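Remarks on the structure that follows.
In what follows, chains are A, B, ... by sequence order, proteins preceding strands, each numbered from 1. Note that the coordinates shown come from a computational prediction; the quantities given were computed from them, not determined experimentally.
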Amino acid sequence: MIGSLWFNSFSSGAGASADYELISTSLIASSTASVTFSSLDTLAASYKHLQLRMTMRGQYASDPESYFWMRMNGVTSNSYAAHYLQGNGSSVSSGALTNQPGMWFGWGTNNASTSKYGAAIVDILDFSQTTKNKTIRSLTGEIGASNSIALHSGFFNSTAAVTSVTIYQPNTNIESGSRFSLYGLKG
Amino acid sequence: MANAMVALATTTISSTVNSVTFGSIPATYRDLRVVYYAGMQPDGNQDVGFQVNGGTGTSGVYMAGFGSSTGSGTSADLVGYVTSVGIVNTLDIMDYSATDKHKPMLLRYGAAGNFAAAAAFRWASTSAITSVRFYIGSGNFSIGSSFSLYGVSA
């Protein structure tokens, strides 16, 4: 039997339990060096984990893609590490960055790509725990600059509760139109 | 605070069909997530076709691990994979309601005993997405396959 199903009547979601909540969204109106979500010790006090969902573009004019990095609690020392597995349409590669001033977690397009944006979904696990170093995981990719898909993990060598998260590019600005949304997950 | 991820629609297929469409999607949310666990009949495997707003225009790259080897390739108007034993696909459609961006998408999928994979796509249009259609070129989604659509606020 050949057939099809079509749905155009949707639930409003009313009454659903709120275990995944929006904390804040930043839509970049003009290019900026970084985006910071701060006061997480109060704004995110009721959550177990955090998630970032974003679409992003960098101000690089000539590089094929732009790399997005993350810092926590304003720490700029070489306290971070990242590992990645990435595909570019023809091959798969992996690598590690240790003793870094931030965690590379995302791929964006460049500012020559106009309407084209990369995307990333990042989980920040047990962000408020004071007995654990902090880890993140990211699914990211961009189609429009170099065309990549990647899985990243990140490590912050600190047991301090995360009270702020800063997203930046090491050598250029974040382009206007980029969007960063932070969510809290209850546990 | 309100739940930021809302289940908009879900179905479990009770008789075989070769396509599932979510239409008249409201622009209320910022992102969409589609989770589908799909098998196919007759036995076999193939990519899952994808249409946005009734047309084509989605391109992307994927990477996959097969246990002892890896691979990466390109795809057009395909956003998942299906086998006779069923595969879970999770597709995030970012900024679907924005009218100043092409739509980036991220996909995770895999089959136990077969492979693990991820992919990135871009639908090359600034129009808001109002419908998405998943289909099999030859064969049907099997009975028991399920499709769920979620809206994510921002």
| said: Walk me through whether A/Tyr80 and A/Leu97 qualify under side-chain contact (heavy atoms from CB on, under 4.5 Å). | reply: CA-CA 8 Å; A/Tyr80 304 88; A/Leu97 299 168; over 6 Å; no
| query | Is A/Leu52 reachable from A/Val75 through a run of hydrophobic residues whose side-chain heavy atoms are each under 4.5 Å from the next? | reply | yes
| remark: Closest non-hydrogen contact found for A/Ile23 with A/Tyr183 is CD1-C, 3.8 Å
| message | Do B/Leu32 and B/Leu107 sit in one hydrophobic cluster, given that two such residues count as connected whenever their side-chain heavy atoms are within less than 4.5 Å of each other, even indirectly? | response | yes
| task | Compare all side-chain heavy atoms of B/Tyr96 with those of B/Trp123 and state whether any distance is below 4.5 angstrom. | result | no
| field | side chain to side chain donor-acceptor pair (under 3.5 Å) assessment of A/Tyr20 paired with A/Gln51 | value | CA-CA 9 Å; A/Tyr20 180 85; A/Gln51 185 174 81; 2.5 Å; yes
| task | Select all residues of residues 61-79 of chain B having any heavy atom within less than 4.5 Å of some heavy atom of chain A, and report them by number, or 'none'. | result | B/Val61, B/Tyr62, B/Met63, B/Thr70, B/Gly71, B/Ser72, B/Gly73, B/Thr74
| task | Decide yes or no for B/Asp31 and B/Asp95: does some side-chain heavy atom of the first lie under 4.5 Å from some side-chain heavy atom of the second? | result | yes
| field | Taking every non-hydrogen atom, the tightest pair across A/Met72 and A/Met70 | value | CE-SD, 4.1 Å
| Is chain A contacted by the side chain of B/Asp100, its backbone, both, or neither, given a heavy-atom distance below 4.5 Å? | backbone
| query | Relative to chain A, which of B/Met105, B/Lys103, B/Lys101 shows the most heavy atom pairs under 4.5 Å? | reply | B/Lys101
| task | State, with a plain yes or no, whether a side-chain heavy atom of A/Tyr60 is found less than 4.5 Å away from one of A/Asn171. | result | yes
| task | Residue by residue, scan residues 147-165 of chain A and write down, ordered by number, those that have a heavy-atom distance under 4.5 Å to chain B; if none do, write 'none'. | result | A/Asn147, A/Ser148, A/Ile149, A/Ala150, A/Leu151
| field | From CA spacing to verdict: side-chain contact (heavy atoms from CB on, under 4.5 Å), A/Asp19, B/Asn3 | value | CA-CA 6 Å; A/Asp19 295 326; B/Asn3 202 359; 5.6 Å; no
| query | Just checking, is any N or O donor in the side chain of B/Thr12 or B/Ser146 under 3.5 Å from an acceptor N or O on the other one? | reply | no
| Per-residue contact mode, A/Ser115 against chain B (heavy atom under 4.5 angstrom) | both
| Within 45° cone of A/Tyr168 ring axis and under 6.0 Å: A/Arg71 NZ or CZ | yes
| task | Counting only heavy atoms closer than 4.5 Å, note whether A/Leu182 contacts chain B via side chain, backbone, both or neither. | result | neither
| query | Would a hydrophobic clustering, with Ile, Leu, Val, Met, Phe, Trp and Tyr connected at side-chain separations under 4.5 Å, put A/Phe105 with A/Trp107? | reply | no
| note | Bottom line for A/Ile121: the part with an atom under 4.5 Å from chain B's heavy atoms is both
| task | May I ask you to list the residues in residues 39-46 of chain B that approach chain A closer than 4.5 angstrom, counting heavy atoms only, ordered by number? | result | none
| task | Start with the C-alpha gap between B/Arg133 and B/Ser131, add the side-chain angles, then the distance that decides, and say whether side chain to side chain donor-acceptor pair (under 3.5 Å) holds. | result | CA-CA 7 Å; B/Arg133 176 176 181 259; B/Ser131 72; over 6 Å; no
| Looking at A/Gly87, A/Gly89, A/Gly141, which makes the most heavy-atom pairs under 4.5 Å with chain B? | A/Gly89
| Among B/Leu8, B/Leu106, B/Thr90, B/Leu91, the one residue meeting side-chain contact (heavy atoms from CB on, under 4.5 Å) with B/Arg33 | B/Thr90
| request: Determine whether B/Phe50 and B/Tyr135 fall in the same hydrophobic cluster, where Ile, Leu, Val, Met, Phe, Trp and Tyr are linked whenever their side-chain heavy atoms lie under 4.5 Å apart. | output: no
| Structural part of B/Leu149 lying under 4.5 Å from a heavy atom of chain A | side chain
| So, A/Thr36 versus A/Ser38: side-chain donor-acceptor pair below 3.5 Å or not? | no
| Minimum-distance pair of heavy atoms, taken over all atoms of B/Tyr36 and B/Tyr81 | OH-N, 4.2 Å
| Neighbours of chain B found in residues 131-140 of chain A - heavy atoms under 4.5 Å | A/Leu139, A/Thr140
| Proximal component of B/Phe22, with respect to chain A [non-hydrogen, under 4.5 Å] | both
| request: Can you see which heavy atom on B/Ala38 is nearest to which on B/Ser145, and at what distance? | output: CA-OG, 3.5 Å
| query | Does one hydrophobic cluster hold both B/Val132 and B/Val20, with members joined at side-chain heavy-atom distances below 4.5 Å? | reply | yes
| query | chain A heavy atoms under 4.5 Å from B/Ala119: which part of the residue, side chain, backbone, both or neither? | reply | backbone
| Going through the checks in order, is the side-chain contact (heavy atoms from CB on, under 4.5 Å) test met by B/Arg30 and A/Arg179? | CA-CA 10 Å; B/Arg30 188 77 191 193; A/Arg179 189 263 301 189; 3.6 Å; yes
| So, A/Tyr117 and A/Glu175: side-chain donor and acceptor under 3.5 Å apart, yes or no? | no
| Of the backbone (N, CA, C, O) and the side chain (C-beta and beyond), which part of A/Arg57 lies under 4.5 Å from a heavy atom of chain B, both, or neither? | neither
| note | The interface call for B/Ala2 against chain A, heavy-atom contacts under 4.5 Å, is backbone
| What option among A/Lys116, A/Gln86, A/Met54 has the most heavy-atom pairs under 4.5 Å with chain B? | A/Lys116
| field | Nearest heavy atoms of A/Ala119 and B/Met94, plus distance in Å | value | CB-CG, 3.9 Å
| said: Just so I understand: if I count every heavy-atom pair under 4.5 Å between each of B/Ile25, B/Ile13, B/Ile136 and chain A, which residue has the most? | reply: B/Ile25
